[in-house]
Amino acid sequence: MPFRLSFCVFLLAFSTGAVGDTVWLKNGDRLTGEIVLMDSTKLLLETPYAGSVPIDREMISTLQSDHELLVKWPGGNGEVSKTVAAGQPGRIVVSNGEETTVELASVTRMLRPKPFLQDLEWTGDLEFDINYERAERDTDDFDLTLNNQARHGPWRHNLQADYNRKFRDDVRIEQDWSAKYALDRFVTESRFWQTRYEYQRDWFENVRRRRSLGAGPGYQFWDNELGAFSLAWLLSYNQFSYAERSDKAFYALGMQWDYNRYLVGKTVELFGRGSVGKALSGVEGYSVDAEFGVRYRLTDWASLSMKVETDLVKDFSEDLDETDYSLGLGIGW
């Protein structure tokens, strides 16, 4: 009997410690898990039993967390709090050296901070865009896009790949693919050095192949649970291969950007990434390669996305100007 009693006490203590954060609702319900973020409309709770659970802010009475959270409210300093304790209905108690009672409705943002140095973190998505049009002229369009990002210690890896194929009346009229890899080395929490390689292959446009190798400084404006935004300025060596004239090699100065922003408890994501470049020698002109879109999360791993992609090359002798609009399904991890 003493052994059984001790074993039950051990299990109770273990499960109590594993409960984590707690959210009390106005109807008397209580949910446990880990608070990821709270924006203007939703609180996102990560649970072991139901995955990510978005909760309407208006339904929340109070909450508590034993983990560090960044809490912002009018008049607050927005620093990372050591704990957030439950208060009277509609209030929380924020502790950061001293305790402050805060109206829950006045909190503009709450999220867990990301450490500067961290163990391996891998995120990504794979999107499928398929368009079948049956009319006087049949059109089949297929596009596959892969985005990956891995972070460990001060290093960040970014890998992107895209494949596109289009048929009209069973005749192939478009086919191209591209791959981009960037390695970032953070020297401070915001500043990093980027080395990037890009390769693009097209079977139908006059610009058949594009290769680029560049390096330069970058700046991370923010990177947290609500999204990220970074810029990098690169000096690159480029090689263009054409279908109807000789190859060209030149140096260029360019700017890369990568932006995403989560809304409505991470159910909606705005994103944009791409580059602009200006040739410095060998040719005259500029290039733009960009995509912008919105992604809606259907489940923890499935999403629906709408985006527009632009590929523009101007060198005053041979121009490339393509704009694609797509709607697709994706899986994320």
Side-chain angles (χ1 to χ4, degrees), residues 42 44 51-52 54 121-150 157-182 196 198-205 207 210 225-230 256-276 287-313 320-333:
K42 301 282 186 180
L44 188 64
S52 298
E121 181 186 46
W122 179 30
T123 59
D125 58 80
L126 181 65
E127 294 185 350
F128 309 88
D129 302 327
I130 303 176
N131 180 36
Y132 294 100
E133 181 180 337
R134 294 295 178 264
E136 184 177 348
R137 305 189 68 180
D138 297 340
T139 302
D140 300 334
D141 193 0
F142 172 80
D143 188 74
L144 182 65
T145 304
L146 172 69
N147 294 294
N148 273 288
Q149 184 179 104
H157 306 263
N158 296 276
L159 175 63
Q160 302 172 29
D162 183 83
Y163 176 76
N164 177 66
R165 187 179 62 183
K166 188 173 184 179
F167 288 84
R168 180 167 295 158
D169 292 335
D170 296 326
V171 177
R172 187 170 57 184
I173 59 173
E174 288 184 16
Q175 183 176 352
D176 59 83
W177 70 272
S178 65
K180 305 173 184 179
Y181 172 71
R196 172 181 289 264
E198 300 183 9
Y199 180 86
Q200 294 174 274
R201 175 72 166 96
D202 197 306
W203 279 266
F204 288 86
E205 295 291 343
V207 184
R210 283 179 276 173
E225 296 290 347
L226 287 173
F229 177 47
S230 64
Q256 305 277 340
W257 71 85
D258 195 348
Y259 169 85
N260 75 307
R261 177 72 162 87
Y262 294 107
L263 304 171
V264 197
K266 274 193 169 182
T267 57
V268 177
E269 179 188 7
L270 305 178
F271 63 89
R273 62 177 64 93
S275 64
V276 294
S287 65
V288 179
D289 184 8
E291 68 172 25
F292 302 92
V294 58
R295 185 177 292 116
Y296 177 75
R297 177 182 291 184
L298 302 172
T299 66
D300 284 344
W301 57 271
S303 62
L304 179 68
S305 65
M306 295 178 291
K307 64 182 178 181
V308 55
E309 299 176 87
T310 298
D311 191 5
L312 175 65
V313 176
L320 170 64
D321 190 353
E322 292 182 351
T323 301
D324 295 321
Y325 303 88
S326 60
L327 173 68
L329 290 172
I331 56 175
W333 53 86

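Counting from 1, the numbers follow the sequence of the chain as shown. Below, each value reflects all heavy atoms present in this structure, side chains not excepted, and no hydrogens, waters or symmetry copies.
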Check: G328 main-chain N/O paired with D129 side-chain donor or acceptor under 3.5 Å: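 Side chain of D129 to backbone of G328: a pair is present.
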
Treating N260 as the side-chain partner and A228 as the backbone partner, does any N or O pair qualify as donor plus acceptor under 3.5 Å?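 Yes: the side chain of N260 pairs with the backbone of A228.
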
Just how far is it from atom [atom1] of [X] to atom [atom2] of [Y], taken to the nearest 0.5 Å?
| X | Y | atom1 | atom2 | answer |
| --- | --- | --- | --- | --- |
| L159 | Q149 | CG | CD | 11.0 Å |
| S303 | L126 | OG | CG | 10.0 Å |
| L144 | F128 | CG | CZ | 5.5 Å |
| E127 | I331 | CD | CD1 | 10.0 Å |
| N158 | N148 | CG | CG | 9.5 Å |
| F292 | R273 | CZ | CZ | 10.5 Å |

SB check R210 D311 (cutoff 4.0 Å):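 Salt bridge flag = yes for D311 with R210.
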
Full working for side chain to side chain contact (heavy atoms under 4.5 Å, CB included) between D141 and N164: CA-CA 8 Å; D141 193 0; N164 177 66; 3.3 Å; yes

With heavy-atom distances below 4.5 Å as the criterion, would you say the side chains of L304 and L329 are in contact?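 With C-beta onward as the side chain, the pair touches.
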
Does D125 reach the side chain of T145, with side-chain heavy atoms less than 4.5 Å apart?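 A side-chain contact under 4.5 Å is absent here.
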
Check [X] against [Y] and note the closest heavy-atom contact, atom names and distance.
| X | Y | answer |
| --- | --- | --- |
| D300 | G51 | OD2-CA, 3.5 Å |
| F271 | E291 | CE1-OE2, 4.0 Å |
| W257 | A290 | CZ2-CB, 3.6 Å |
| N147 | W333 | O-CZ2, 4.4 Å |
| V207 | D202 | O-CB, 3.7 Å |

Evaluate whether atom CH2 of W122 has more than 12 neighbouring non-hydrogen atoms of other residues, nucleotides or ligands under 6.0 angstrom away.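 Atom CH2 in W122 is not packed in, count stays at 12 or less.
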
Tell me whether Y325 at atom OH has more than 12 heavy atoms from other residues, nucleotides or ligands lying less than 6.0 Å away.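 Not more than 12 within 6.0 Å, no.
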
Would you mind writing out the side-chain donor-acceptor pairs for residues 165-173 within the sub-3.5 Å range, not counting sequence neighbours?
{"unit_1": "D169", "atom_1": "OD1", "unit_2": "D138", "atom_2": "N", "d": "2.9"}
{"unit_1": "R172", "atom_1": "NE", "unit_2": "Q175", "atom_2": "OE1", "d": "3.1"}
{"unit_1": "R172", "atom_1": "NH1", "unit_2": "Q175", "atom_2": "OE1", "d": "2.2"}

When you compare the side chains of D176 and S178, does any donor N or O come within less than 3.5 Å of an acceptor on the partner?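 No pair is found: no donor N or O on one side chain lies under 3.5 Å from an acceptor on the other.
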
Relative to the ring of F229, is the ring of Y259 parallel (under 30°), tilted (30 to 60°) or perpendicular (over 60°)?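 Aromatic pair Y259/F229 classed perpendicular.
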
Only one of H157, R196, Q160 clears side-chain contact (heavy atoms from CB on, under 4.5 Å) with Y181; which?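 The side-chain contact (heavy atoms from CB on, under 4.5 Å) with Y181 is passed solely by H157 among H157, R196, Q160.
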
